[in-house]
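Notes follow once the structure below has been shown.
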Amino acid sequence: MSKHCKRSENLSAYLDDELDEKTRLKFERHLEDCFTCKEMLRDLRCLQGCFQTLPQPEVGFDLAPVVLAELGRRSARPTSVLRFNWWRLLPVSFAAVATVSLGVFLGSLLTGRLDAEVTAPTLAMFDPIPPGGICIGFAGCYPKERI
Amino acid sequence: MNKSESCGSWQQLQDHECIALFQRGEQEAFAELVRRHQNRIFRFLLRMTGCREEALELTQETMFKAFRALPGWRPDAAFGTWLFRIASNAATDRLRRKKVVKYEPIEAHMEFPDPAAGPEEELQSAQRVRILEAALQRLQDDYRQVLLLREVEEMSYAEIGDVLGLREGTVKSRIARARQALLEVCKGRI
Ligand SMILES: [Zn+2]
């Protein structure tokens, strides 16, 4: 579409017979002299004809029983499940808060003692004396290939 | 409306009569409304989403919402228009969530069938249809939406305004811009 005419909006409405009488007559006078509008009107009519030949695909079966059955299924669902009452969750919320608080409290008691107890067994693992052993660093006690 | 879509005495009733019966507890009246409108809604959603499964799912969702809203429904618009409003909102929501909205240049990566491939008129017509379908998928969503309502559903500007919640002036300019965009893509190919 290289050429444009500022009246092309009226052209489209003219094609659809949606202009009021006065505007339509005025536009028809314009159309007599405007080559751009004439050409576009021809193209739009061609396009309109093509729309008329579009295929009409169908659902292919009766949708009514499907819709009614689905509606039946949806309405059969218990409404109490669908309805949300926030106040019903209050006891559960209190219980949850109490449980978490107790957990945090007990946890803090445990972590308070932990530092002191952990050091002894950890150091024992790196003790140079083997468990039950009496010899420190005497090479003859250990076969060479095992060192 | 396809006659085979309706059955028995229900098909003689108007939409508003079916709605009145449904409001009095007649479920089969709602089933009749679904049968009448399912294919139009499905086609629209298929071209909006470009996916059959998604279109089917959204068509069902549209009908669920209609079922829930119908008991208090007031006929301020035609039932069909009102259904399109629900479907259109559903499609817009889905496309926004998927964020596949690609405002890249329209011609980029586009695979058009070659219009010169089939010399016969029938083949050429089929090619033109494929070109148009491909071009529609490349348009931005609000342009595709408004063109489908106008060119396929043949709704008036007032009805489209009702479906999309827009003033008629906005509908008018959006359709004009959408056509311009579509022409730019299809020019010389259709
Ligand atoms: Zn002009």
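Here is how names work: the chains are called A, B, and so on, in the same order as the sequence lines, proteins then strands, and each is numbered from 1.
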Using non-hydrogen atoms and a 4.5 Å limit, figure out which bit of [X] sits close to chain A: side chain, backbone, both or neither.
| X | result |
| --- | --- |
| B/Y157 | both |
| B/R177 | neither |
| B/R40 | neither |

Does the side chain of [Y] come within less than 4.5 Å of [X]'s, by heavy atoms?
| X | Y | value |
| --- | --- | --- |
| B/K172 | A/S12 | no |
| B/E154 | A/Q52 | yes |
| B/R47 | A/L54 | yes |

task: Would you kindly confirm whether B/V34 and B/F64 end up in one hydrophobic cluster when ILVMFWY residues are joined by side chain heavy atoms under 4.5 Å apart?
output: yes

If I measure from the heavy atoms of chain B, does [X] come under 4.5 Å with its side chain, its backbone, both, or neither?
| X | result |
| --- | --- |
| A/Y14 | neither |
| A/L15 | side chain |
| A/P65 | neither |

statement: Most heavy-atom pairs under 4.5 Å with chain B, out of A/D17, A/L47, A/T53, belong to A/L47

Gap between atom [atom2] of [Y] and atom [atom1] of [X] - 0.5 Å precision:
| X | Y | atom1 | atom2 | result |
| --- | --- | --- | --- | --- |
| B/R179 | A/D16 | CZ | CG | 4.0 Å |
| A/L63 | B/H37 | CG | NE2 | 13.0 Å |
| A/E70 | B/E61 | CD | CD | 8.5 Å |
| B/L182 | A/L44 | CG | CG | 9.0 Å |

A/V59 and its side-chain contact (heavy atoms from CB on, under 4.5 Å) partner, picked from B/N39, B/I41, B/L46: B/N39

- request: Taking all heavy atoms of B/Q38 and all of A/D62, pick out the closest pair and write down the distance.
  value: OE1-C, 3.9 Å

field: Within 6.0 angstrom of A/K26 NZ, more than 12 heavy atoms from elsewhere
entry: no

message: Tell me if a side-chain donor or acceptor on B/E151 pairs with a main-chain N or O of A/F51 at a distance below 3.5 Å.
response: no

- request: Show your reasoning for whether side chain to side chain contact (heavy atoms under 4.5 Å, CB included) applies to B/M63 and A/L68.
  value: CA-CA 9 Å; B/M63 299 305 180; A/L68 288 173; over 6 Å; no

